[in-house]
Structure formats: C-alpha cells, structure tokens
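Here the structure is laid out as structure tokens; the discussion comes afterwards.
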Amino acid sequence: MRQERSIRTLLIANRGEIACRIARTARSLGIRTVAVYSDADALSLHVAAADTACPIGPAPAADSYLRIDRLIEAARATGADAIHPGYGFLSENAAFARACDEAGILFIGPDVPAIEAMGSKAAAKDIMAKAGVPLVPGYHGADQDPETLEEAASRIGFPVLLKASAGGGGKGMRVVERAEDLADGIAAAKRESAAAFGDDRLLIEKYLTRPRHVEVQVFADRHGNAVHLFERDCSVQRRHQKVVEEAPAPGLEETVRAAMAKAAIDAAKAIDYVGAGTVEFIMDEDGAFYFMEMNTRLQVEHPVTEAITGEDLVAWQIRVAEGGPLPLSQEQIAHAGHAIEVRIYAEDPEREFLPQTGRLNRLAFPLEMPGVRVDTGVAEGDSVSVHYDPMIAKLIAHGRDRAEALRRMSRALGEVRIAGLANNVPYLKRIVEHPAFIAGGVDTRFIETYRADLAARGAGDAETMPMLAAAALLEADRLDVVRQARLGGDPYSPWATAYGWRLNDSPLHGLTLLQGIDELLLRYRLEAGEYVFEQGGGQVRIAVALHADGRLQARLDGITVRAEAAFDAGAVTVFYDGAAHRYVLKTALASGAEAGEDSGHLVAPMPGKLIAVHIAEGTEVAKGDPLMVLEAMKMEHVIRAPEDGVVAALHYGPGDQVEEGADLLHFEKTATD
Ligand code: MV4
C-alpha cells in the first residue's frame, strides 16, 4: 500500500460546470485550485472559480484540454501535486493517468490497469464473466471468422445485436432480426467498425428490445474496501445522450437492487478498482440485469447520488486519492428521498435538436428553491461555442419522495430564464410532466415512444405570448413616457409616436411583431387600464404591472401569472414557464423612427449569415430597395430600405454571421417636408 499524501494544490484538467463543481469542493477542503483554459475560455466561470489559472492552448479541445503534455507542464509550473480530470476529455485516458504517475502527480481516478481493462469491451466481459457478474447471453471471442460469428448468433437466438468491440456509447451497433439477414449484417458491421474505429472485431449479444439503463455508483479505496452508493436510472436518453437521470431507480424490487449492487461491487473488486466508478447495466422488464460497461470516472449525473446520500463524491475522490480510507462503511451509507437531474442543452428541439451556438443574453436559474441544485459553468453574457459540449447547466431536484422531486423539478424548470439561444428547457418540462414518466420506470425507448407528446404544442400559451409581449412593450413605453415627463424631458418617447400611443385613448391600434420571419399583426385598444386584443373575433384582456427588474405580473382574462420581460435592440423577450419568446418590433426595425431624428438602425430579425450586401456606406436608396440578404433557417430573407434615405454606417459585410438583434446598419431618412 502506498503512503498517504495530502493534496495541497489540485489542477483541474477540465472546463465548464464540472471544473466549477470540483473547485468548490477542493476549496472547501482548503486545497488550492488551478484551472486550465483554452483561448476561448479565458473569461470563463471555471477560471474565476479557481485560485490560479494556466492557459493551455487554442480553442479546439485537441489543442488544449486534450494535450497531455501541456497539462502536465501546467501542473509542474503551478506546483500542483494532483490532477482531477473531471468527465469527458482525458478522464478515461490511460496514457494521461500514466503521464501523471511518471511526473509524480496524483491522478484522481483508478490505476492505469483498471482504466485499460475497461477500455476494451471483450476484455471487460471476460473479466466480468470470471467474477460472476451477469452478462447478456452472447459471444465475445477472439475468433472473428464470419462462420463462427453466424454460429454464435444462431445459438444466442434472434434478434441479436452486433457491437463493434472498439465502439462505445452506442456507436457501432446494429440489430439483426432474422437469420436470413445475418451474413449481410455481419459484413456491414465489420465494414462500419473498420471505417469508424480501425478495428473490425465484433461482439454479439442477445438484443433486449426495451431495456432500462440502470447504473450503480461504486467507490473503492487502497485499503481493500469497496462500497456502493445505490443506483441511478438513466433510461431517458436521446441518441445515447442522457437527458434525465434519477436516484434511486423507480420501482426496482429490493432483491434486484441488492443483487445489482453486489454485482457492481464484484465488478470493481475484479479489477482492483480505486476511486469513483460506475457500473452500467441494462435491465429487462423482469428485473434481469446484465453488465454493459464500467465508467472509470466521476459521471455527469453524480449529483443525484449526492442528493439522496448527502455525501460529496468529489470529497470522497480526493480522500481516496490521498490514500485515505473510504469516509463511510457500507452500513453507514444511507439514502433518503428521491432525486432527479435534467441536462439543459443549447439545442433546438424544434429543429432536430441542432446544437446552438451564440451568446446567452439572459441566463438566470432558481437558486433559492428548497431541494433544488444548479450546477453550471456559464454566466449571463457568456457564449456557447462550437468547440465544446453545448450543455448549459444541470438542474437537480430532491424531494422526500419521487412525486415531490418531480414537482420541484417542474417548478424549477419554469423559473429558468434563457435568452439568446434555443434550448431544451420547455422540452425537459414536458418530459418531467409526462404521465408515463410520472408513472415511473420508463425504458430507453421513452423519447421515441412519446415523440408526438413531447413535441412543442402550438396552442394555448403560444398564442397568448405575442399579446403578452405587446402588452409588456406598451407598458414599458408608457412607463418611459411617464418617467421622461417627470424628468422634464421630451414627453413623447420614440416608440410612443410609433405606436400612436395616447393616454386614455380608446381607438383601435395596430402593432406588428416579427417572430422570425412571420409577421404578427396585433390589434388592440386600451380600456380601463387594460390592453384589449382583438383575436379571431374574440377578445383577450391583459393588464400588466412591469417592475424595473423586468418582472412582469400579467392578468390574462382575469388570471394573474408571473413572467419576465427583457428589452433590447427593438425587441422584447417574454419569459414564461421556462420558455423564452422573442419578438422584434417591426416599427422599430424598419421605420428608423427615433423621434424627430429621421434615422435609425436596422437589426437582424434572426440569427443567420449575410449572403449578400447590396449597399455601401453612403449609398442612397429608395424605400423598398433591397439592402442585404440574410440567410437564416434555410431561407433567404431580404432586408429592404424602410424609407428613402442614405446608408450612414454599415456594420457587417457579405459572409458575416450575425446574431439575432445585431445592429446591421445605420440608416438616415431623406429629409422631407
Ligand atoms: C444493448 C441494448 C439492447 N440489447 N445491448 C447502447 C449504448 C451501450 N452502452 C449499450 N447500448 C445498448 N445495448 C443489448 N444486448 C440496448 C442498448 C441501448 C441503450 C442502452 C442503455 C441506454 C440507452 C440505450 C438506447 C438504445 C440502445
């Protein structure tokens, strides 16, 4: 057994939320922390969260967070005696663990042989079979002769699943339903594996059609102790990306739970595991479970285990890495209540979950709700770049039971405010409010099974949002008029003239909002302090109270709801129920109606790329002339001159990528009168 070593300085070889989370615990233990950062991350939260920070290279991860040499050098330069790799990046890279050993730096993770043993699927299965850990009926032999494989598949029985030995995380898998398709399937799988991984070896397994993903958190020390900290259910996945995780697994029989925990500890012991590990199983409807893989790192979803056990897993990792004993024995580890985690991503559920990049113009989380934890690595004003994972935050809700945890999660999601980037918050809310999910125990097909239910619905709130946005705009304008009048300034704000606003005026007004390229014409009148919108023959009455910080109380047909409004560049964003609804005010967009100045800015109505710019600074144009062409959402959008005038300033050129609300050009209207 090695000597105990006390860590004084910890280098965190990661970024984002996990780097922040590791720094938090290290600091609480009195350990000095060193962040590393790429050129894209110099101003990131994880740098601010550490005591010192070292640059390690350009933005692409291959040139920075994956550079073993630079990380070791950074540790040397800062006197770090240990490195925590977080998850992803080099966290399961045996070469990195070895480089740390050789440099005399503690790697916070298992020993090199354990990482290597779990790096190969076939080798891992051999070890687990010998340790008595249940495996899916299958074949993982070295003989890769197509005839041998076909024979094995027939013995296993259809359907079978062909898996690339070198694959992982769902990559390189192929289902074969019938014996007739086997030979072709094997040939195709071998070609695909060779192309993707440079290795055409396959394993074959009995295919479970609707498994659940249940994993066990294990921990082991250098004194021969190995314990489990219960299981997590991560069945809700999309394309092998976990979306929702919870602990404990709902509806698990106590006998199954105990057997799975024992199998996980057996797995850890079989490879002399040290530190935090996760043993993944798939489980069928009868509770039969089978070893899938072992992850030799701290996992993204570790907070749900922390919530139900009350333990800090990063503190455990540090203690064990120092050579200390596990903080608790198995008998001392208890769990209470239920916890659920969702991953908030910058991705657009309405466009096939396309990852989004850009600036987080607004970002706020419910930080004061009991039982709710938020782990994030970004702050308002930061950008989500193309270089890294687009996860914005993890939201974790804990309750006395699953129902309470779910209610807290729903409410917490409703309080999230994100503007500037499409995100999956409303989608997550629909998942945790779905009856099948609430019932518990869903399988890995949940998302595809309920695709239609989980898709955004156009009805209900969505119809009211433009009216709420208009009411917020009008109210902001009215307050502005009142404030300016009080200050003795111009009592007519720019927008007041644009709207034709008059106090106590009741004729019908029109207001046009742009939602992407859709024009929404809203007709309203003011009655007794309420905005009354005409809507398809009926009326919607909205009274609003707008606070200086953006909080918006709105009474919609008699019922008061809580929302938030943010104003920028001639646009308004209404936050309601976890979703952000942004509208560009068309009059501000196209009129250049800065009061009396006959000039104004044209702003981008949506994010996109300028594929043509027809004008230069100084160009004189007539009303309606095309000025620029913006390509967005696979369509071309022509931006035209709002009036006769001249282009006073031009801020972008052809080929430029522009964000929504970007100030494209300054326009001066030709003097008339
Ligand atoms: C399976 C399976 C069904 N039968 N193996 C996907 C990722 C990899 N870790 C294992 N995976 C699966 N292996 C057999 N024999 C179904 C999956 C699977 C899956 C597993 C866990 C969580 C989500 C999943 C989604 C699709 C397929």
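All ligand and atom numbering here is 1-based and tracks the order in the structure.
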Do NZ/NE/NH1/NH2 and the carboxylate oxygens of [X] and [Y] come within less than 4.0 Å?
{"X": "E246", "Y": "R402", "answer": "yes"}
{"X": "E116", "Y": "R98", "answer": "yes"}
{"X": "R212", "Y": "E231", "answer": "no"}
{"X": "R343", "Y": "E245", "answer": "yes"}
{"X": "K121", "Y": "E205", "answer": "no"}

Using a 4.0 Å heavy-atom cut-off, say whether [X] meets ligand 1 through its side chain, its backbone, both or neither.
{"X": "T209", "answer": "neither"}
{"X": "K206", "answer": "backbone"}
{"X": "L208", "answer": "both"}

Query - K163 near ligand 1 by a heavy-atom separation under 4.0 Å - result: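 Checking ligand 1 against K163, which is what was asked, there is a heavy-atom contact under 4.0 Å.
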Requested in this report: Tell me, please: is R445 in heavy-atom contact with ligand 1, that is, under 4.0 Å?
Outcome: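 No, that is not the case, since the closest heavy atom of the residue is not under 4.0 Å from the ligand.
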Query raised in the report: For residues H84 and N14, is any side-chain donor paired with an opposing acceptor at under 3.5 Å?
Result: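 Judged by distance alone, the side chains do not pair up.
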Query raised in the report: Does the side chain of S120 pick up a donor-acceptor pair with the side chain of R201 at under 3.5 Å?
Result: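 S120 vs R201: no donor-acceptor pair found between side chains.
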Distance filter under 4.0 Å to [X] heavy atoms, resulting ligand 1 atoms:
{"X": "H213", "result": "21 (C), 22 (C)"}
{"X": "H240", "result": "6 (C), 7 (C), 25 (C), 26 (C), 27 (C)"}
{"X": "E280", "result": "9 (N)"}
{"X": "M292", "result": "5 (N), 10 (C), 13 (N)"}
{"X": "T444", "result": "21 (C), 22 (C), 23 (C), 24 (C), 25 (C)"}
{"X": "E205", "result": "5 (N), 14 (C), 15 (N)"}
{"X": "I282", "result": "1 (C), 2 (C), 3 (C), 4 (N), 5 (N), 14 (C), 20 (C)"}
{"X": "E293", "result": "9 (N)"}

Query raised in the report: Hey, is the main chain of F158 close enough, under 3.5 Å, to the side chain of K206 for a donor-acceptor pair?
Result: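 Such a contact is found between K206 side chain and F158 backbone.
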Query raised in the report: Is R155 positioned over the aromatic face of Y139, cation under 6.0 angstrom from the ring centre and no more than 45 degrees off axis?
Result: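 The answer is no; the distance or angle limit is not met.
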Report task. Establish, yes or no, whether the cationic atom of R238 lies under 6.0 Å from the six-membered ring centre of Y450 and within 45° of the ring axis. Result ->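 The answer is no, since R238 fails at least one limit relative to Y450.
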Report task. May I ask you to check whether Y207 has an N/O atom sitting below 3.5 Å from an N/O atom of ligand 1? Result ->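 No.
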Query raised in the report: Is Q237 in polar range of ligand 1, meaning some N or O pair under 3.5 Å apart?
Result: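 No, since none of the N or O atoms of Q237 sits under 3.5 Å from an N or O of ligand 1.
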